[in-house]
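Below is one structure, written out as structure tokens; the observations come after it.
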Amino acid sequence: MTSDALKAGIAAAVGAVEPELVALSNQLHDDPELGWQEHRSAAAVSGVLEAHGFEIERAYLGLATAFRAVRLPERAARFTVGFLAEYDALPGLGHACGHNLISAMSVGGAIALAAVADELGIAVEVVGTPAEEGGGGKIELLERGAFVNLDLALMAHPAPVDVAEAKPFAVTHWHVQYDGQAAHAAAYPQRGTNANDAFLVAQLAIALLRQQLPSSVRVHGVQTRGGEAPNAIPERTEGRWYVRAETTAELIALEERVLKCFEAGALATGAKLTVTPESKRYAEMRTDDEALAWYRENALALGRNFDANPADVTMNRASTDMGNVSQLVNAIHPYIGVGGTASNHQAAFADACVGETAERTLRDGATALAWTALDAARSRSKTN
């Protein structure tokens with residue numbers, strides 16, 4: 001069968017399953033779950049795949065909210081494609097990064113590719129990957145042996161506009177804590193050790209450090225606990241901080257400089273500092289350029305547009321644990337637009353990830369991913 005005929009079959013398969021994909025996306029959107037807690041989401045995503053003939057391994061590699069779904073061809077597999085699904089939401093913002101659409105696009109692409117997979121001996125997998133928003137779920141899966149069997153790993157991520165190539169920062173995620181000594185702020189201030197002042201010193205030091213940092217790095221965070229009462233010297237403060245750089249090597253060097261800022265807070269106040277990584281480092285992306293070119297061509301054929309204003313395309317700099325996957329297997333991580341004026345991690349972006357425009361994005365993303373996987377399989381099949 002010709003490539004055009006196979007792609008027509010994929011498009012038809014996406015159309016046939018589209019109502020289920022929309023329902024899945026809406027279900028995830030209406031019931032957001034945070035990283036490592038996505039029990040209902042993982043069950044919903046894997047459930048659709050199971051209904052379409054995929055064999056499901058739940059609690060994959062010991063992670064409660066991960067799964068692996070597999071559909072093998074009738075003959076020996078010559079090429080293995082892995083669609084990655086993310087379904088964790090953001091605290092207080094729900095699916096303001098569009099992970100409901102990521103899951104639905106990956107499910108749709110996998111089901112559609114499976115409809116023609118016997119022709120080329122393609123094994124189709126979907127890996128449900130928890131806790132992308134800072135938890136590093138894909139890294140945990142990698143360290144337990146996931147993904148290494150894949151000839152191509154791919155997913156598409158919602159953004160305001162279409163951007164073909166992901167260029168994410170490498171990133172470190174830290175939980176920062178200062179422990180001091182409580183005391184009455186008016187009667188016995190000399191008996192206290194102010195953990196909140198420690199955080200203030202650290203944040204001022206970071207603000208000054210930024211003047212000497214390259215434009216290619218980012219340091220940012222939030223204080224999540226600042227004290228309990230205005231008349232009590234805070235004995236514990238906590239925060240979450242991210243450090244980002246172009247490469248993992250640059251990131252490691254930068255971490256030491258930022259840590260010294262937090263140490264300055266402890267030194268100045270006498271509070272005890274504890275810095276705990278929230279996940280392993282996210283790596284930069286190693287893009288499969290040939291596969292990305294196929295994706296771009298396929299997306300254009302569907303009417304997508306990559307000619308956006310440069311100021312609107314910067315979502316492709318967002319860090320992702322897909323970067324770690326790409327260091328070991330061929331991978332792409334394009335961004336697909338949902339329109340509107342909101343950007344990721346804004347409440348209005350969650351609203352943009354459902355509705356008529358989002359449903360077209362879902363359909364196009366599923367189709368373009370499956371077409372790209374087909375192109376890769378036809379070009380790189382082990383019998384070619």
Side-chain angles (χ1 to χ4, degrees), residues 14 18 21-35 41 85-106 108-109 132-134 155-169 171 215-222 240 242 244 282 285 292 295-296 298-320 322-323 332-369:
V14 171
E18 184 175 354
L21 303 179
V22 171
L24 173 63
S25 175
N26 290 346
Q27 179 181 349
L28 298 177
H29 188 274
D30 293 344
D31 185 21
E33 296 176 291
L34 301 182
S41 299
E86 298 173 1
Y87 31 74
D88 59 322
L90 290 159
L93 291 170
H95 277 293
C97 210
H99 290 192
N100 58 305
L101 287 173
I102 292 174
S103 286
M105 287 186 288
S106 286
E132 188 277 335
E133 295 287 357
M155 58 177 285
H157 197 299
V161 296
D162 287 72
V163 189
E165 185 176 5
K167 297 181 180 180
F169 291 104
V171 66
S215 61
S216 59
V217 306
R218 304 284 189 272
V219 183
H220 53 90
V222 294
R240 301 180 65 207
Y242 290 5
R244 306 182 197 250
Y282 286 20
M285 190 81 184
L292 187 66
Y295 174 84
R296 183 182 178 89
N298 289 321
L300 290 170
L302 290 166
R304 309 303 302 186
N305 183 353
F306 293 99
D307 296 327
N309 185 322
D312 296 329
V313 305
T314 52
M315 184 56 198
N316 72 332
R317 300 311 317 273
S319 306
T320 170
M322 184 64 158
I332 62 170
H333 184 281
Y335 287 84
I336 186 164
V338 296
T341 58
S343 57
N344 298 63
H345 292 208
Q346 293 181 335
F349 193 81
D351 297 336
C353 289
V354 290
E356 184 177 350
T357 301
E359 290 169 16
R360 183 203 163 183
T361 298
L362 195 172
R363 181 174 63 251
D364 288 349
T367 305
L369 289 174

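Because the structure is a prediction, the values reported are computed rather than measured.
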Min side-chain heavy-atom separation I102-Y87 under 4.5 Å: no
Work out which heavy atom in A366 is nearest to a heavy atom in G108; give both atom names and the distance. CB-C, 3.9 Å
Heavy-atom nearest pair, N298 first then A368, reads ND2-O, 4.1 Å
Would you say the side chain of T314 lies within less than 4.5 Å of the side chain of K167, judging by non-hydrogen atoms? no
Heavy-atom distance under 4.5 Å between the side chains of N305 and D162, does that happen here? no
CD of E18 to CD of E359, rounded to nearest 0.5 Å, is 7.0 Å
Over all atoms of both residues, closest heavy-atom pair of P160 and S343: CG-CA, 3.8 Å
Does the side chain of L34 come within less than 4.5 Å of P91's, by heavy atoms? yes
Closest heavy-atom pair, L101 versus P158, reported as atoms and distance to 0.1 Å, is CB-CG, 3.7 Å
Check the orientation of H157 and Y335. Use parallel for under 30°, tilted for 30 to 60°, and perpendicular for over 60°. tilted
Contact between S103 and L28 at the side-chain level, heavy atoms closer than 4.5 Å - yes or no? yes
Give a yes/no verdict on a cation-pi contact between R296 and F306, requiring under 6.0 Å between NZ or CZ and the six-membered ring centre and an angle within 45° of the axis. yes
Any chance you could measure L21, atom CG, to N26, atom CG, to the nearest 0.5 Å? 11.0 Å
Flag if over 12 foreign heavy atoms under 6.0 Å of CZ, R317: yes
Taking C-beta and beyond as the side chain, do H345 and L90 meet within less than 4.5 Å on heavy atoms? yes
Do D30 and V354 touch side chain to side chain, with heavy atoms closer than 4.5 Å? no
Could you tell me the separation between the CG atom of L369 and the CG atom of D364, rounded to the nearest 0.5 Å? 10.5 Å
Mind listing the closest non-hydrogen atom pair of S25 and C353 along with its distance? OG-O, 4.2 Å
Is the closest side-chain heavy-atom distance between M105 and M155 below 4.5 Å? no
Mind checking the CG-NE2 spacing from D88 to H95? Nearest 0.5 Å is all I need. 7.5 Å
Nearest atoms (heavy-atom pairs only) where S319 meets E132: O-OE2, 3.5 Å
State whether the side chain of R304 and the backbone N or O of G337 hold a donor-acceptor pair below 3.5 Å, judged by distance alone. yes
